[in-house]
There are 2 protein chains.
Amino acid sequence: MKNPKPTRQRERHNVYRRVREKIIGLDFSPGSAISENELAAALGVSRTPVREAMLLLTEEGLVEVFAKIGTFVSRVDPEQVAEAQFLREAVELASLRSLSTPLDEEKVDRLRDNLRRQKETGEDIRSFFALDEEFHRGLMDLAGHESSWSTVSAAKSHLDRARMLGIRKIPELGRLTEEHHAIFDAAVSGDAATAERHLRSHLRLVFADVKAVEEDSPELFVRDRDAGPHRRSAFVWD
Amino acid sequence: MKNPKPTRQRERHNVYRRVREKIIGLDFSPGSAISENELAAALGVSRTPVREAMLLLTEEGLVEVFAKIGTFVSRVDPEQVAEAQFLREAVELASLRSLSTPLDEEKVDRLRDNLRRQKETGEDIRSFFALDEEFHRGLMDLAGHESSWSTVSAAKSHLDRARMLGIRKIPELGRLTEEHHAIFDAAVSGDAATAERHLRSHLRLVFADVKAVEEDSPELFVRDRDAGPHRRSAFVWD
DNA sequence: CACATGATTCTTGCATACAAGCCTTGCATG
DNA sequence: CATGCAAGGCTTGTATGCAAGAATCATGTG
């Protein structure tokens with residue numbers, strides 16, 4: 001991938017990346033406030049790159065900005081979670097369906113290696129989460145639809161946070177790895193129908209877990225859609 | 001500041017909306033330069049809202065910003081067009097598949113009215129384009145997946161520009177309306193399979209038209225992916 | 001004429017200053 | 001003690017200034 005990327009606007013991208021990690025990783029609690037000034041000071045930059053990062057996160061649905069009131073980490077919206085589920089299922093299944101032989105051996109090897117690392121990963125949820133993400137992207141890359149994965153990935157940030165909660169509750173990461181393996185095996189053996197069945201089942205089980213958590217930690221989810229934010233901040237950096 | 005603005009905070013959105021329309025409508029030619037300073041002066045605002053609007057357009061893939069070089073309307077990327085086609089087909093078909101009776105009569109009526117207006121629209125390409133967009137969104141709304149449509153819609157900006165070119169070449173808008181009608185009739189009659197078939201055929205015909213145009217106006221498309229941009233500007237506002 | 005080279009003029013990225021409005025807090029008052 | 005109210009602190013939105021670098025143009029040289 002030798003893309004002549006538009007020049008890396010380093011500060012903005014750094015702020016974006018770091019804050020996004022904190023939000024997805026639930027270090028920044030849904031509903032809490034983020035002050036542009038505090039964040040800028042903590043990161044040693046001015047408000048400009050911070051502000052632009054917030055704009056990107058807003059577009060991604062991870063934060064909500066209210067003029068002259070404040071910026072807040074958005075609560076997990078069950079509606080958005082469900083829509084992301086629908087979107088990813090539609091796209092990932094279509095991608096699997098569009099697989100054509102012969103498969104790119106290098107990409108297959110990467111997936112195989114990924115699965116191996118999944119098994120080695122013990123109880124480290126974050127590592128597993130990253131590997132899971134990489135696996136699904138690799139699966140779409142196999143069909144040449146990696147760029148569509150970016151779209152799906154960006155749209156499913158609410159789903160990801162919910163999954164982060166779900167995975168914490170269900171430490172049987174091995175089950176997920178097994179499902180991944182079943183999908184992979186069917187895909188490389190050319191049995192698209194079976195792969196499709198396994199993938200659908202896998203995605204729906206994940207979704208079921210997510211819904212189970214919603215009742216457990218309701219304070220992290222959207223309650224009243226018209227509820228106004230408060231300035232009370234739970235902001236801490238590191 | 002010379003003019004006291006009645007409503008603030010909308011500057012960024014205004015800039016974004018206006019520039020986006022110009023780009024999608026091909027009033028800003030793919031490959032041409034956009035100067036933040038010129039744009040700000042032309043719109044009577046400072047660079048800040050302009051800059052932030054450019055950031056959003058960048059995320060949407062409509063412009064490319066090169067630090068210390070310039071901002072350019074992105075050329076239509078056939079790869080992105082193809083990926084958008086894949087994405088929309090996957091999502092729209094899945095949406096149609098997920099239709100469950102009974103259908104919301106109000107939404108059905110809206111679609112019916114939309115089709116009526118499509119017939120009345122003569123050769124006005126922009127009006128038809130807007131109605132086409134509204135039709136497809138309405139179709140997804142029928143299945144309760146309107147918000148997924150937003151994602152698809154945002155991802156298919158390159159496809160849209162290509163279609164804008166394609167439609168100019170093919171004045172038989174009536175054909176498209178007929179296809180829309182076939183999809184709609186099958187959907188409301190509960191024949192999901194037929195609706196799916198019509199929709200797939202419709203989307204692929206549109207895509208075929210797009211590809212036909214690529215050879216006709218190659219200067220608007222990405223040629224050499226490593227080609228550097230030039231500062232030569234074709235910037236005009238109105 | 002061809003070509004190298006330095007000055008100039010743009011460009012965007014970041015920092016800073018100002019504007020406008022909401023929220024909180026503290027004080028005065030019944 | 002409870003409550004109303006005003007002032008100050010904090011918020012984001014916008015404007016502006018500065019810096020670094022890339023492309024371009026003019027100039028000098030072979």
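Predicted model, so just to flag it, every value in this text is computed and none were measured.
- Taking atom OH of Tyr16(B) as the reference point, atom P of dG13(D) lies 17 Å away to the nearest angstrom.
- The residues Arg20(B) and Glu60(B) are annotated as salt-bridged, a charged nitrogen and a carboxylate oxygen being separated by less than 4.0 angstrom.
- When the C1' atom of dC14(C) is taken as reference, atom CD of Glu52(A) falls 9 Å away, rounded to whole Å.
- Nearest nucleotide to the side chain of Ser46(A), out of dT12(D), dT16(C), dT14(D): dT16(C).
- The distance between atom NZ of Lys68(B) and atom P of dG21(D), rounded to the nearest whole Å, is 5 Å.
- Whole-Å rounding puts the Arg51(B) CZ to dT11(C) C1' distance at 11 Å.
- At its two ends the helix from dC1(C)-dG30(D) to dG30(C)-dC1(D) runs along axes set 10° apart, each axis drawn from five pairs and the angle rounded to 10°.
- Qualifying side chain to side chain contact (heavy atoms under 4.5 Å, CB included) partners for Glu134(B), counting only residues two or more places apart in sequence or in other chains: Asn114(B), Arg117(B), Leu131(B).
- Close to dT11(C), at under 4.0 Å from its OP1 or OP2, lies no side-chain N or O of Thr71(B).
- To the nearest angstrom, C1' of dT12(C) lies 12 Å from CZ of Phe66(B).
- Minimum atom distance to the side chain of Glu11(B) is reached by dT14(D), of the listed dT14(D), dC14(C), dG21(D).
- Taking 4.0 angstrom as the limit, Ser35(B) places a side-chain polar atom (N or O) nearer than this to OP1 or OP2 of dT11(C).
- Taking the ring pair (Phe, Tyr, Trp, His ring centres under 6.0 Å) definition, one finds that Phe207(A) meets it with nothing, sequence neighbours left out.
- The side chain to side chain contact (heavy atoms under 4.5 Å, CB included) test applied to Glu133(B) returns Trp149(B), Ser153(B), Lys156(B), Asp160(B), not counting sequence neighbours.
- Two residues, Val65(A) and Thr48(A), neighbour DNA chain D, and the one matched to the more 5' nucleotide by heavy-atom proximity is Val65(A).
- Separating the CG atom of Asn37(A) from the C1' atom of dA15(C) is a distance of 13 Å, rounded to the nearest angstrom.
- Remark: Glu146(B) engages Arg137(B), Asp141(B) in a side chain to side chain contact (heavy atoms under 4.5 Å, CB included) (not counting sequence neighbours).
- Atom CZ of Arg10(A) and atom P of dT12(C) are 19 Å apart (whole Å).
- Asp132(A) and Arg126(A) are not joined by a salt bridge, as no carboxylate oxygen comes within less than 4.0 angstrom of a charged side-chain nitrogen.
- The ring pair (Phe, Tyr, Trp, His ring centres under 6.0 Å) check on Phe135(A) picks up His180(A), with sequence neighbours excluded.
- Here dT9(C) presents its P atom at 21 Å from CD of Glu36(B), a figure rounded to the nearest Å.
- Side-chain N/O atoms of Arg47(A) and base N/O atoms of dG13(D) include a donor-acceptor pair closer than 3.5 Å.
- Looking at the side chain of Pro49(A), the nearest of the listed nucleotides dT12(D), dA15(C), dC22(C) is dA15(C).
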